[in-house]
Amino acid sequence: MATLPRAAAAAAPSPAAALLPLPRAAPLLAGRAAARSAARRLRARGTRAPPLAAARRGWGGVSPRAVLDLPRRREAAEKPAQKAADLNEILSERGACGVGFVANLKNEPSFNIVRDALVALGCMEHRGGCGADNDSGDGSGLMSGIPWDLFNDWAKKQGLAPLDRTNTGVGMVFLPQDENSMEEAKAVVAKVFTDEGLEVLGWRTVPFNVSVVGRYAKETMPNIQQIFVKVAKEDNADDIERELYICRKLIERATKSASWADELYFCSLSSRTIVYKGMLRSEILGQFYLDLQNELYKSPFAIYHRRYSTNTSPRWPLAQPMRLLGHNGEINTIQGNLNWMRSREATLQSPVWRGREHEIRPFGDPKASDSANLDSTAELLLRSGRSPAEAMMILVPEAYKNHPTLSIKYPEVIDFYDYYKGQMEAWDGPALLLFSDGRTVGACLDRNGLRPARYWRTSDDFVYVASEVGVIPMDESKVVMKGRLGPGMMITVDLQTGQVLENTEVKKSVASANPYGSWLQQSTRSIKPVNFQSSVAMDNETVLRHQQAFGYSSEDVQMVIETMASQGKEPTFCMGDDIPLAVLSQKPHMLFDYFKQRFAQVTNPAIDPLREGLVMSLEVNIGKRRNILEVGPENADQVTLSSPVLNEGELESLLNDSKLKPKVLSTYFDIRKGLDGSLDKAIKVLCDEADAAVRNGSQLLVLSDRSEALEPTRPAIPILLAVGAIHQHLIQNGLRMSASIVADTAQCFSTHQFACLIGYGASAICPYLALETCRQWRLSNKTVNLMRNGKMPTVTIEQAQRNFIKAVKSGLLKILSKMGISLLSSYCGAQIFEIYGLGQEVVDLAFCGSVSKIGGLTLDELGRETLSFWVKAFSEDTAKRLENFGFIQSRPGGEYHANNPEMSKLLHKAVREKSDNAYTVYQQHLASRPVNVLRDLLELKSDRAPIPIGKVEPATSIVERFCTGGMSLGAISRETHEAIAIAMNRIGGKSNSGEGDVEDGYSPTLPHLKGLQNGDTATSHDGGTGASPISSIKHAGGPWELGLSETHQTLIQNGLRERVVLRVDGGFRSGLDVLMAAAMGADEYGFGSIRSQDVHSNGPVLDETILADPDISDAIENEKEVSKTFQIYNVDRAVCGRVAGVIAKKFTGSAGQSFGCFLTPGMNIRLVGEANDYVGKGMAGGELVVVPVEKTGFVPEDAAIVFVRGKTGERFAVRNSLGQAVVEGTGDHCCEYMTGGCVVVLGKVGRNVAAGMTGGLAYILDEDDTLVPKVNKEIVKMQRVNAPAGQMQLKGLIEAYVEKTGSEKGATILREWEAYLPLFWQLVPPSEEDSPEACAEFERVLAKQATTVQSAK
């Protein structure tokens, strides 16, 4: 019987998929945590785990091999390896990893430190990924000090003299697999060292155990050797490191053209540090490298890293740590960062390089990961004389604007960040970074705090930092300090002095080195806001001609510009984008329409621009960016703009800045000699003019399509093409850092268009025609009458323009936030778009580095499309009103819409009449429609003979793979929801009753392949959605045909296809759509957006142990009460999520993520110890108490123990609706989006408290009078606790809290209640203002209301 393809049967790319060009996104390996911790293994066997009192040194009798030799699942039979597709470029290799370090404050090398790091690394396995063979890891590694005892033992056996520790460099080298190639590579390496005057002491083959390596990792496993060189010509330690850095760069240059160049890689080359890493799971790193089991391997510190790769296949060199950094996170702006670093190559100079700067270029590598490129940039700054902490502050700055603590206590830190804001674009995205140069070890967190980081210090002088608590057995009595890294925070350990510096201490030390504040005052200028024009600059006919010439439609003016001008926000729409891609359309489109916005990775949550705007900024600096390796007042000689959107007066202010030497470049092309070649010629002339202007000292290029009068034979160059071409030209010629680009254009009116211009290099835009349209709209008789009659809010002409710009800025923040980017300065030039429908010559000219998978328009064709708009302004037949292209709403004669009235009418008739004939008419209508989607370009062909319909899989079986999506109640009615659910139940399909996407799906052509679960969905730009901004619906996402075929092929190439059910949705209207999707690899077919995952098992879980306990089983079965105590470890995640009933349970130890999630009423959970992220997630009832262990060596109230007797992290009580909580401190965004319940905080809080809080009450103790500037007062009001009911509520919660936790802080407050009560603030949203707890005069108000009611009777 013929059946639709299923995942398990998939063995090769489908015929349809083969018709499509193979997408260039990299293949990758699906993530799965493959092992349990040693403690879990002991428990599963019924053996008692070592007690916590057996502290770190208590593991002394257990070898790393024994500790890390954990059981793992193996395939029953190995399948032939399948080769992954090669990548031309890797521009977005990112992931969510596990990292940490161990350091000895006395700088005493020890094998115990290495062993502890390996134990901790083993407990990070669930944070990494591995391949289809279950053994090849995404990568793990360890950085340490050089183990001189181990290497001297080797040298002695080789008959070599003892190594000079001060002048010897050690290289950890991955060499080519082929023996001949390896010898060639070694010869080149040795020659470079010899030519540089270094003595090669010898090569050492690194001992390893290949039997523990997975099949895929073994196929690409390099030869691993170490080289030892003596640097006799340098005495200074920093100069030795610089010389080794230069040698590595020279080796990379010397081998660039070799066939084996990509197989040669230095993991490290240093006289201080060494890196052992590979394409290995964390648990086997110590088993693979035999050196790591040798007790002669001693180091005073160790950084460890477990990698989870997203989007691309793991490679041995991309494992971490890198040479300086261990990075958990993603750099979302990587392409822009690479472009800007390339642009800097011509200007970077420093005396420390002694004129050899040209030998260390390039500073970035598009083939490397984002982490590798960040590491490379940090290393450049380090080798140029910056400290590791200073380099991190420059590259990953915190959100320092409007920061109460920094503003009051550390203004020099703000000056430092302001100074470098104009010098280095932030490497933006979620990031926990661990770093070391061998003398300092440290860690820092990104400005959003989107990666967890804990630290603790012990009485025996050890400091630990890790992604999770509980990764190393710890005697709590020895812990003298605990904490968490909050957003933008840093901690450093100076191994030479034993000094531990926390956040502001580090930053003050760095920022005080130079007078950054005075330099800023001396050189930096700001453009002050200029009033908007209060009258029109053009008459109505001239405005109309400009609008026609530049591609405006009546929808653009009425639905976009006028809505923004009247309301100050983007217009919203729904139901997806059902018109053809611009390249498939029969209508001309503006160039912007060929670009689709990309989305952040699945491991990278979007930022909330509405409530967490304090971490975001639209500020941009204009002017020359000088040599970042040198510091001085001249580097601050720039102009600061508060936003990239300028009005005419602000643009004039820039043009009048003599220091910038502005140059205005006209962006028109001449077609008098014919259209063909004219656009290309004009672009080249424009680039030459820009080049000459910059070389003559201009620091500001203004590209302008403003003209006194429009000419029929001189159409405007698409402004996006002009900006992109000049941006790329200046980069390629080493001039980009010398000037900023501003667009003065009529072609920009929507947020997507602004984003495109900024993303491809513009620093600012003056949308002069859009502003003129706002003015014309406000002064029109229609608008005046509507306002006069009260049918529209009254706005002035100035307010209309201000509203428009406000809407644009809000829209830009939203676009940035979807990509996980906080700073517009980092978005500039980052090219975070996919192109659909532009040919390679256009891409290479102006959008180099962006992906255009399906090809498309040439420059001449783009010129013709531009001209088709332009001629409308000069035609005698042109109407006296703008044309409606029908791009947004379906209309006769307009753009084709898949969801058109005729289609709906025919479908309704077929369904209503249950008529095959009527359905045939519907199918014929679809078959005759214009080309609308990519699959319309394909047809199914077969050389096989037809088979009887009876041999085809029956329809009843096929429809079981149909799904309907989660659609919000605001989008469809309850009756529709129920009808859909009933229908899917009857056919055996799947329906989702949950809420759907508020916004269009993520881009499918760079899908979140890594970590794909059964039921993951490839969705697309034409899928339906609820209310979203028009720019998001029209310009985000892409065709599912590309995303699906790419995902299917990639999974096949990596041997993972049978493990995943692929579901696709978006625009399904017929059985042919289903067949096309099946041919491209889909297993299930969604009629709406849905995501459903099977349980992803990582082996035995603690809940299974709990549920297997006979006492607990009896209690659940017979509704009894039972109390139990269990040992818990950091790898025990989502504990209690699968347990229900009236149970009291006690845990001791360090809980993994999501401890106590989904608790139900009657469940009472107590944890003695500490816990990781998401404690109490999704609680529906019950009680959860977390207290520290007894006899701690630190004050619990100062610790990051997450919940209750201790501090919590960021976003505590987010979206709390009923819960009551008492804690002793929180991070940023406490009580965010809270809608009910009550939260009491008996200590300090972070910034942005109560953002979006619409219900419930919060009580916060403010002992040092620092709370007021930290509260987001947009909704809530602050008041003292004056209502008797509020005082009773607060005191009652603290009393219950003290009873449960024994908190000394709580007990003190109760003893001195009269003194502490006035120090509490009560945060009250409007919904609670009249509640008895918030209203001091509640009784009087109640009596008054009763009197009013009585009087009414």
Side-chain angles (χ1 to χ4, degrees), residues 448-450 486-487 605-615 817 995 998 1154 1156-1159 1161 1173-1186 1202-1204 1206-1262 1267-1281 1283 1285-1286 1289-1290 1292-1294 1296-1297 1320-1335:
N448 291 292
L450 293 175
I607 303 164
D608 181 351
L610 184 63
R611 303 301 180 196
E612 298 184 11
L614 79 166
V615 302
S817 71
E995 289 284 302
V998 176
S1154 302
C1157 64
F1158 312 125
L1159 287 191
D1173 316 335
Y1174 312 122
V1175 171
K1177 178 175 67 178
M1179 282 181 67
E1183 178 182 276
L1184 197 158
V1185 177
V1186 182
V1202 178
F1203 209 39
V1204 187
K1207 291 182 181 178
T1208 69
E1210 274 61 52
R1211 299 171 184 84
F1212 176 69
V1214 61
R1215 301 190 188 279
N1216 179 41
S1217 57
L1218 287 174
Q1220 295 183 322
V1222 183
V1223 298
E1224 300 195 5
T1226 78
D1228 292 348
H1229 317 299
C1230 175
C1231 300
E1232 187 177 39
Y1233 289 114
M1234 187 164 141
T1235 59
C1238 183
V1239 171
V1240 179
V1241 184
L1242 305 180
K1244 289 190 175 183
V1245 295
R1247 292 191 287 171
N1248 203 36
V1249 179
M1253 179 178 169
T1254 57
L1257 294 170
Y1259 300 88
I1260 301 177
L1261 181 62
D1262 185 17
L1267 177 65
V1268 175
K1270 296 177 181 178
V1271 174
N1272 186 319
K1273 304 177 189 68
E1274 184 179 358
I1275 297 177
V1276 302
K1277 71 174 182 180
M1278 297 178 66
Q1279 63 186 32
R1280 295 299 183 180
V1281 190
Q1289 182 184 40
L1290 173 60
L1293 283 170
I1294 298 175
Y1297 166 70
F1320 278 94
W1321 287 101
Q1322 187 183 51
L1323 306 187
V1324 185
S1327 62
E1328 306 288 347
E1329 286 181 351
D1330 294 332
S1331 67
E1333 291 81 9
C1335 181

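Quick caveat: nothing in here was measured; it's all calculated off a predicted structure.
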Q: Using atom types as modelled and distance alone, determine if a side-chain donor or acceptor of E1329 lies under 3.5 Å from a backbone N or O of K1277.
A: no
Q: Only one of R1211, H1229, E1210 passes side chain to side chain donor-acceptor pair (under 3.5 Å) with N1248; say which it is.
A: H1229
Q | With sequence neighbours excluded, residues passing side chain to side chain donor-acceptor pair (under 3.5 Å) with E1328 | A | none
**Q.** Interatomic distance, Q1322 atom CD to R1280 atom CZ [nearest 0.5 angstrom]
**A.** 11.5 Å
Q: List for me each residue that meets side chain to side chain donor-acceptor pair (under 3.5 Å) alongside Q1289, sequence neighbours excluded, and say none if there are none.
A: Y1259
Q.
With rounding to the nearest 0.5 angstrom, report the CG to OG1 distance, L1242 to T1226.
A. 11.5 Å
Q: Could I get the full list of side-chain contact (heavy atoms from CB on, under 4.5 Å) partners for R1215, not counting sequence neighbours?
A: Y1233
Q: With sequence neighbours left out, write down each residue that passes side-chain contact (heavy atoms from CB on, under 4.5 Å) with T1235, or none if nothing qualifies.
A: S1217, T1254
Q: Applying side chain to side chain donor-acceptor pair (under 3.5 Å), name anything that partners D1228, two or more places apart in sequence or on another chain.
A: none
Q: Quick one: which residue pairs count as a salt bridge (charged side-chain N to carboxylate O under 4.0 Å, His left out) with a foot in residues 1234-1249, not counting sequence neighbours?
A: K1244-D1264
Q.
Just to verify, what does A1258 make a side-chain contact (heavy atoms from CB on, under 4.5 Å) with, not counting sequence neighbours?
A. C1231, M1253, L1323
**Q.** Side chain to side chain, V1245 and F1212, heavy atoms closer than 4.5 Å
**A.** no
Q | Any residue meeting side-chain contact (heavy atoms from CB on, under 4.5 Å) with S1327, in chain and number order, not counting sequence neighbours | A | P1325
Q) Can you list the residues that meet the salt bridge (Lys or Arg N to Asp or Glu O under 4.0 Å) rule with E1274, with sequence neighbours excluded? A) R611
Q. If we only count heavy atoms from C-beta on, is the S817 to D608 side-chain gap below 4.5 Å?
A. no
